[in-house]
Amino acid sequence: MLSEHPVFPILLSTDMAASRAFYHDRLGLEIVSESEEPILLRSGAGTGPLISRTTTGTTDTQTQVAWRVPDIHTAIADLRGRGVRIEDYEPPDPPTTDGIADMGHSWAAWFRDPSGNVLSVIQPKG
């Protein structure tokens, strides 16, 4: 049954105003609905994250959201042009060159939102 329904991630925010500015103004995601809490955003194909207030934030260093893009170099250039800092990693993490890691099956790059959530753009190979 669940395979027939959309899914959306819920991201935690310690500062809703900063999250709103980051996702809407910087990344360009459309705001579907907004109150004091939460903010529902729209990305491609009717998907999008829900941003929810938290007082503790997250300590998770794993990727919480990934966007599949057709050209990772174009996506990174656009993000950098919007003032988004692309992370660089060294082993034991997947090593990056100019922010891009070769994951074998895809290329990936990571960035963080104001609350420390790890976000990614991924370009599948082939």
Provide the closest heavy-atom pair for Tyr89 versus Pro94 in the form atom of the first, atom of the second, distance.
CB-O, 3.3 Å
Can you confirm whether Trp107 sits close enough to Ile122 that some side-chain heavy atom of one is under 4.5 Å from a side-chain heavy atom of the other?
no
Heavy atoms, side chains only, cut-off 4.5 Å: are Ser52 and Ser13 in contact?
no
Do Glu87 and Arg112 come close enough that some side-chain heavy atom pair is under 4.5 Å?
yes
For Ala109 and Gly99, which heavy atoms make the closest approach, and how far apart are they?
CB-O, 3.2 Å
In this structure, which one of Thr96, Leu119, Thr61 forms a side-chain contact (heavy atoms from CB on, under 4.5 Å) with Trp110?
Thr96
Taking NZ, NE, NH1 and NH2 as the nitrogens, is one of them in Arg53 or Asp15 under 4.0 Å from a carboxylate oxygen of the other?
no
To the closest 0.5 Å, what do you measure between OG1 (Thr97) and CG (Asp102)?
9.0 Å
Please report the closest heavy-atom contact between His24 and Glu30, naming both atoms and the distance.
ND1-CA, 4.4 Å
Expected output: side-chain Thr47 to main-chain Gly44 donor-acceptor under 3.5 Å
yes
Is any side-chain heavy atom of Arg42 closer than 4.5 Å to a side-chain heavy atom of Leu29?
no
Criterion side-chain contact (heavy atoms from CB on, under 4.5 Å) against Pro49, the qualifying member of Leu41, Asp113, Leu40, Asn117:
Leu41
Cluster overlap Val84 with Val69, hydrophobic side-chain contacts below 4.5 Å
yes
Please say yes or no: joined through hydrophobic side-chain contacts below 4.5 Å, possibly via intermediate residues, are Met16 and Leu50 part of one cluster?
no
How about His105 and Lys125: do any of their side-chain heavy atoms sit closer than 4.5 Å?
no
Of the options Asp88, Ile76, Val121, which is the one that meets Ile100 in a side-chain contact (heavy atoms from CB on, under 4.5 Å)?
Ile76
Exercise: identify the closest heavy-atom pair between Ser106 and Pro124
CB-CA, 3.7 Å
Flag if over 12 foreign heavy atoms under 6.0 Å of CZ, Arg80
yes
Would a 4.5 Å heavy-atom cut-off, applied to side chains only, mark Val118 and Gln64 as touching?
yes
Same cluster (ILVMFWY, side-chain, under 4.5 Å), Val32 and Phe8
yes
Atom of Thr56, atom of Thr14 and distance for their closest heavy-atom approach
C-CG2, 4.3 Å
Side chain to side chain contact (heavy atoms under 4.5 Å, CB included) between Ile31 and Ile39, intermediate numbers included:
CA-CA 7 Å; Ile31 295 174; Ile39 302 171; 4.3 Å; yes
Pairwise side-chain contact, Pro70 with Gln123, heavy-atom cut-off 4.5 Å (strictly under)
no
Under 3.5 Å, is there a donor on one side chain and an acceptor on the other for Ser120 and Trp67?
no
Side-chain touch Tyr23/Leu11, heavy atoms, less than 4.5 angstrom:
yes
